[in-house]
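Since the structure comes first, as structure tokens, the remarks are kept for the end.
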Amino acid sequence: MSPTPVRLHNSLSRSLQTLEPITPGRVTIYTCGSTVYRYAHIGNLRTYLFGDLLRRTLAYLGYEVTYVKNVTDVGHMRDDQTDGGEDRMIVAALEEGKTPLEIAEFYTRAWLEDEVLINIVEPDVLPKATDHIGEMLALIETLVDKGLAYEVDGTVYFDVSSFPAYGRLSGQRVNQTRAGTRVEVETDKRHPADFALWKRAEPGRLMHWPSQWGEGFPGWHIECSAMSMKYLGDRFDIHTGGIDLKFPHHEDEIAQSEGATGHRVVNIWLHGEFLTLDDEKMAKSAGNIIRVSELPEKGFQPLDFRYLALTAHYRSKLDFTEPAMQAAASGLRRLRRAVAAGAETGVDLTAEPMAGYGNRFRDAIADDLGIPAALASAHAVAGADDLTPDQKRALLLDFDRVLGLSLDSPAEGTGIPLPAGAAELLERRAAARAAMDWIEADRLRDELAGLGVRVRDTPEGQVATRRS
RNA sequence: GGCGACGUGCCCGAGUGGCCAGGGAGCGGUCUGCAAAACCGCGUACACGGGUUCGAGUCCCGUCGUCGCCUCCA
């Protein structure tokens, strides 16, 4: 069966277009990953969630997906400085004698652990920048040979004027931007918009590598050109990243890759919008970051956050608030209850009325990743009056291949042990209920509530769940 | 200064000219010892001002407001 056609919003053309894979039936995707010298926060994670939803959607629709997500582990620390607001933890680690690579490994692990908590499927390839210095140097050499880059005193710059298409992605015109408003202009450049492919390592620089231009380290953008083409070839289907990477990062990446190959490399560029907190971008510098691992202490499960992210389209900003998270947690619980109410049976999803619901879901995700609409279709299933509980379960678990909400896990209180003493109170309450001593039963329920345990009475008896 | 996005009901958020999100919260009801859950029902929107059209939340112009990028930010 051939894959379902998908429409996506290409940042390059600023319009929806139908995905036409370079190799029919196969899709190659590259996502700009995290910088691993600090913890990833839920704003960062929203973007990786978007990439996860993209690859899950394409796989669901019948494509064979190759997904590459890189790790930016080229650090720019020096052993004699802490300027520029370097993370205190970085400074402390350096003082302890840790190497930049060890620090990067620590934060890489933390990032990937957070991704696991929100059911992000690991990529097929997770390349690290520091493992690809050779590929970067080869690419830079090609650019120099082609006359698209020039070297000044150990630093190599890309010559923007040699690449007419520069600015096509971002709409920026080179002579209108405010280069050097904050950072002092590097006067070696021929043009302020020229950007570094390779930088000379000054004394004190901790990470540096030998090159034909002397000891140095790569510019930020070249790593993605080198790694994406190494693993996906010099023509691949989709490149994703956060909206903030559009300029200059992706603009520069296009200039490098297309300059070196002489042809288009990426067919579709996809950019995800920000997660905000009080309508402000979540960023370390703004001091408003939240990590996935901090959600439980706020009374939420990590997957509540995944649900929240699914309620907004990837090209829309999403504001993270307490009430929004409460709503997300409630919505997720509703879907899980619907799944739990059904049993595992051989439901034929291609038969009506299941196929109708399946088509609605499929149409939603195939239309520029309409996950919010797809989520609505999941709720339509949960509340449908023409489906049996078993059919609902089968449909929702099928949808969950894309949604990734672990809908088959217990509806609440997931694996959280009950506090000490709760078991005894529950036993006493069961006895009170058997004796129809309602006053004592209600008193014990209040007492349990004081311990953070909620009790529900069902035909099968009491069900205790942990929730504040 | 340049580039870009956005303003939808109590909240979050879909909306691709005519019909429609969805979730949460609230209110009323059914059911259950009570509560919870589930189910049924109810309400409140398209920032503002013009325009195009038989018809505008959706298209065009303007105003106001918010946010992002131009800083090795997702």
Distance, rounded to the nearest Å, where [X] contributes [atom1] and [N] contributes [atom2]:
X: A/R14; N: B/C3; atom1: CZ; atom2: P; answer: 11 Å
X: A/R205; N: B/C72; atom1: CZ; atom2: C1'; answer: 10 Å
X: A/L407; N: B/G23; atom1: CG; atom2: C1'; answer: 14 Å

A/E115 and its salt bridge (charged side-chain N to carboxylate O under 4.0 Å, His left out) partner, picked from A/K69, A/R109, A/R306: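 Looking at A/K69, A/R109, A/R306, the match for A/E115 under the salt bridge (charged side-chain N to carboxylate O under 4.0 Å, His left out) is A/K69.
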Nearest to the side chain of [X] - [options]?
X: A/I243; options: B/A14, B/A74, B/G68; value: B/G68
X: A/Y307; options: B/C73, B/G23, B/A14; value: B/G23
X: A/H41; options: B/A14, B/A74, B/C67; value: B/A74

For [X], answer base if it contacts any base atom (sugar-phosphate contacts may also be present), sugar-phosphate if it contacts only those atoms, and nothing otherwise; contact means non-hydrogen atoms under 4.0 Å.
X: A/A283; value: nothing
X: A/L375; value: nothing
X: A/F50; value: nothing
X: A/T31; value: nothing

Residues [X], [Y]: salt bridge by 4.0 Å N-O rule:
X: A/D398; Y: A/R401; value: yes
X: A/R56; Y: A/D52; value: yes
X: A/D442; Y: A/R445; value: yes

B/S/- contact track for nucleotides 25-43 of chain B, protein heavy atom under 4.0 Å: --------BBBBS-S----
Watson-Crick and G-U pairing of RNA chain B written in dot-bracket, each distance under 3.5 angstrom, with | for inter-strand partners: (((((((..(((.....[...))).(((((.......)))))....(((((..]....))))))))))))....
